[in-house]
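Within every chain, numbering begins at 1; the chains are lettered A, B, ... in the order of the sequence lines, protein sequences first and strands thereafter.
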2 protein chains.
Amino acid sequence: MKNNQTTIKDIARKLNLHHATVSRALRDHYGVSPQTKEKVNALAKELDYNPNSIAQSLKNQKTKTIGVVVPKISHDFFSTVISGIEDVTYKADYSIMVCQSSEDYEREVLNTYNLASNRIAGLLVSIAQNTKNTQHFGSLLHQGVPIVFFDRVCDNIDVSKVVVDDYCGAYKAVEHLILKGYKRIAHLAGPKHLTICRNRLEGYLSALKKYCVPFDEDLVVYGEFDRGSGIAGMKKLLQLSDPPDAIFAINDHVAVGAIMHAKENGLKIPDNIAFVGFGDDIISTVVDPPLTTVAQNQYEIGKTAAELLLDQIENGQDTIVPISKTLKTELIIRLST
Amino acid sequence: MKNNQTTIKDIARKLNLHHATVSRALRDHYGVSPQTKEKVNALAKELDYNPNSIAQSLKNQKTKTIGVVVPKISHDFFSTVISGIEDVTYKADYSIMVCQSSEDYEREVLNTYNLASNRIAGLLVSIAQNTKNTQHFGSLLHQGVPIVFFDRVCDNIDVSKVVVDDYCGAYKAVEHLILKGYKRIAHLAGPKHLTICRNRLEGYLSALKKYCVPFDEDLVVYGEFDRGSGIAGMKKLLQLSDPPDAIFAINDHVAVGAIMHAKENGLKIPDNIAFVGFGDDIISTVVDPPLTTVAQNQYEIGKTAAELLLDQIENGQDTIVPISKTLKTELIIRLST
DNA sequence: GCTTTTAACGCACACGTGTGCAAGAGGTGG
DNA sequence: CCACCTCTTGCACACGTGTGCGTTAAAAGC
């Protein structure tokens, strides 16, 4: 029962043929007689022959595997992106190897080198929170493995990237709050050094400036991407002598945490305080009140990134012109504002 | 810049050695002089040598890759399971190839054979809604590829399985509703032929019987696993001449859909009608009111399934005794009941 | 009946790595 | 000075697949 996997040599032996002939027969090569082809195909079917991709990869010096590295597979955002990637790669006859860094730089590095060992045809990455050194990606590029970043990108590496218009999305979110009449608008921000977070912060600042709303640095609280950060940030904001009347959160999970803490403290939404999230995760439609948020179509991000990468793998021989795609965001107005 | 990946032959050439010697040096074989080892290791580091796993796999006749097939990667439940799988396989130095069937039987079959082509060391599967024929799994087993099913399992295949105690979880959920005083308890069920759905239905029926609550077949509505099914099912139930005062849903998404439809129709929860879900997804803590649900620890399911599979791969040579693990469920009581 | 063409298949090698065995160099003991 | 041993390295083959080229045999042409 062990290692029963049929090879072309098995087929060749049973038919008194050379394995080369079997190989050609299976690939419908012109130099093999129709009778032989028929016999080979019949036996292959009977023996459940499955070509050994490992051997083919070694021979062809390339695999049909794409590597994917994300911070956490179980996050709505990333799992939806991966779903988009899988749909594209499946159609193109590629497989994906998925790794999670668990927001750990060291693990991201190990994942990357392991994928390189597996000779992936290309890599799709969203980097960990604390990734600052990017040598591991440089190494892959040097080895000729194309990379496409999405969402959390590396600024200092010149490859294709797929992001959403964080700046613009944040701007629209905050503008919406201002136009609704909210005066003291706080921002529950993400890790400072991540580009997406900086861009959203910029959008926030820019909208304030545009509408001549004075900026108060007490109203920007830095945290991470989870609900706990939303709760902690909200707690901090409510302790201010002059607390905010509106919150723009770095993502929906943080917004939900903040909403929960606000509700616990008896605040009415959106009368006492308003909330805007970012991402349009499932939870934004489920929370009460439904959350106004910036939709970013995660599935499309994955799809686009995978398409860019596959195009580079199959066509981009030497003319590697990096393409940065910025997907549009859309403000979805619900009852939290 | 293309195909720059260093091989042991490159190293051998530069040091005027045979590649066999380099291979042994890198593996710290006793028959290689310390000086040579040092030179080899230094050059390997300098040239960014990454062992070619493809070649190693071919040579060793086994890979360090686990295949994973789920209906939909972007579902909370499955992405959390995959996260659990990845954590276990990562520690054991295995990689995972992830595929989604998109609830399509044909695609599941193609995924399975493709993974077999990639000579995965083992397979973890949760089957598609409409998978009835299981020949593709039989084929892999025949080829000596171990399989472990989780959640949505195949009854007619005798391999290790990881499920939660669906029957007992459902029983506890319905018992809770009965003890709370609800009289007409409906069940928004899943696809009839899936074992998990049948088991939950059994638990529902069993609790009714135990407490002498008359069974009304109008109160069981079959659907799928998404919010839309919850909305549709609820609609149907509210049109009954004698509508239910409590709902036990096949999962949290269905429950949320049902809650939304009930709220739209002016029903108060839990006064007019109560809801219990299944799964303890993130949304169950976010929906208003928070959903009473049966927790099933998705992460643990993935972890356990991966552990069973790895154990079978590394130890279970011929004594393949299938192990069925049934993880405990826990009723989490929140404000929807 | 001989040469030339063509059809069908086998041989050998390659991809990168690993391992049993042989071979060579150098040293030691008698 | 030779036999023997140890240390180090090279050679050859294997894994499964694919391909250029050579080889055989039969058919075709004159």
Side-chain angles (χ1 to χ4, degrees), chain A residues 2-41 43-44 47-65 116-121 143-145, chain B residues 2-41 43-44 47-65 116-121 143-145:
Chain A
K2 267 266 162 189
N3 253 357
N4 260 343
Q5 319 204 214
T6 310
T7 71
I8 51 172
K9 288 195 180 180
D10 296 331
I11 296 176
R13 212 172 302 126
K14 294 211 181 190
L15 294 176
N16 274 324
L17 286 171
H18 197 265
H19 74 270
T21 306
V22 175
S23 172
R24 276 187 269 253
L26 289 169
R27 332 194 101 241
D28 206 17
H29 190 271
Y30 62 90
V32 179
S33 74
Q35 298 92 316
T36 306
K37 281 181 188 173
E38 204 168 327
K39 277 195 288 181
V40 168
N41 283 314
L43 190 58
L47 297 179
D48 244 342
Y49 172 72
N50 239 323
N52 187 329
S53 295
I54 299 293
Q56 289 177 325
S57 295
L58 181 61
K59 176 67 192 169
N60 301 332
Q61 292 288 85
K62 63 183 168 200
T63 64
K64 288 265 193 177
T65 307
S117 253
N118 279 288
R119 295 300 188 260
I120 50 167
Q143 289 172 39
V145 182
Chain B
K2 267 266 160 186
N3 253 356
N4 259 343
Q5 319 202 214
T6 310
T7 71
I8 52 172
K9 287 194 180 180
D10 295 330
I11 297 176
R13 211 172 302 125
K14 294 211 180 189
L15 293 177
N16 273 325
L17 286 171
H18 196 265
H19 74 269
T21 306
V22 176
S23 171
R24 277 187 270 253
L26 289 169
R27 331 194 103 242
D28 205 17
H29 190 270
Y30 62 90
V32 179
S33 75
Q35 299 91 315
T36 305
K37 281 182 187 171
E38 204 167 327
K39 276 195 290 183
V40 168
N41 283 313
L43 189 59
L47 296 179
D48 244 342
Y49 171 72
N50 239 324
N52 186 329
S53 296
I54 299 292
Q56 289 177 326
S57 295
L58 182 61
K59 175 68 193 169
N60 301 332
Q61 292 288 84
K62 65 184 167 198
T63 64
K64 287 267 193 176
T65 307
S117 253
N118 279 287
R119 294 301 186 260
I120 50 167
Q143 289 171 40
V145 181

Q: Please list residues of residues 13-25 of chain A whose heavy atoms come under 4.0 Å from any atom in DNA chain D, ordered by number; otherwise none.
A: His19(A), Ala20(A), Ser23(A), Arg24(A)
By side chain to side chain donor-acceptor pair (under 3.5 Å), which residues pair with [X], not counting sequence neighbours?
X: Asp48(B); result: Ser139(A)
X: Thr36(B); result: Ser33(B)
X: Asn41(B); result: none

Q. Taking C-beta and beyond as the side chain, do Val145(B) and Ile120(B) meet within less than 4.5 Å on heavy atoms?
A. yes
Q) Is any side-chain heavy atom of Arg119(B) closer than 4.5 Å to a side-chain heavy atom of Thr65(B)? A) no
Q) Residues two or more places apart in sequence or in another chain: which of them pass salt bridge (charged side-chain N to carboxylate O under 4.0 Å, His left out) with Arg27(A)? A) none
So, taking the atom named [atom1] in [X] and the one named [atom2] in [Y], what distance separates them when rounded to the nearest 0.5 Å?
X: Lys9(A); Y: Ile11(A); atom1: NZ; atom2: CD1; answer: 13.0 Å
X: Leu47(B); Y: Gln143(A); atom1: CG; atom2: CD; answer: 10.5 Å
X: Leu58(B); Y: Asn52(A); atom1: CG; atom2: CG; answer: 6.5 Å

**Q.** Qualifying salt bridge (charged side-chain N to carboxylate O under 4.0 Å, His left out) pairs, either residue in residues 30-41 of chain A, two or more places apart
**A.** Asp28(A)-Lys37(A)
Q) At what angle, to 10 degrees, do the two end axes of the helix from dG1(C)-dC30(D) to dG30(C)-dC1(D) meet, given five pairs define each axis? A) 70°
Review item, nucleotides 22-28 of chain D N/O atoms under 3.5 Å of protein N/O:
none

Q.
Going by the rule side chain to side chain contact (heavy atoms under 4.5 Å, CB included), which residues pair with Ser57(A) if we only count those two or more places apart in sequence or in a different chain?
A. Thr63(A), Ile54(B)
Q.
With side-chain contact (heavy atoms from CB on, under 4.5 Å) as the criterion, how do Ile8(A) and Tyr49(A) come out once you've worked through the C-alpha distance, each side chain's angles and the decisive distance to 0.1 Å?
A. CA-CA 8 Å; Ile8(A) 51 172; Tyr49(A) 172 72; 3.4 Å; yes
**Q.** Test log, rule side-chain contact (heavy atoms from CB on, under 4.5 Å), inputs Asn118(A) and Lys64(B)
**A.** CA-CA 10 Å; Asn118(A) 279 288; Lys64(B) 287 267 193 176; over 6 Å; no
Q: Walking along DNA chain C from 5' to 3', note the first and the last nucleotide with an atom under 4.0 Å from a heavy atom of chain A, and give both.
A: dA8(C) to dG16(C)
Q. Do side-chain atoms of Ser117(A) reach the backbone of Ser53(B) as a donor and acceptor pair under 3.5 angstrom?
A. no
Using residues 12-26 of chain A as the side-chain source, report each donor-acceptor pair under 3.5 Å to any protein atom, sequence neighbours left out, with the distance given to one decimal.
from	atom 1	to	atom 2	distance (Å)
Arg13(A)	NH1	Asp10(A)	OD1	3.4
His18(A)	ND1	Ala20(A)	N	3.2

(Q) Any residue in residues 29-37 of chain A with a heavy atom nearer than 4.0 angstrom to DNA chain C? Just list them by number, or reply none. (A) Gly31(A), Val32(A), Ser33(A), Thr36(A)
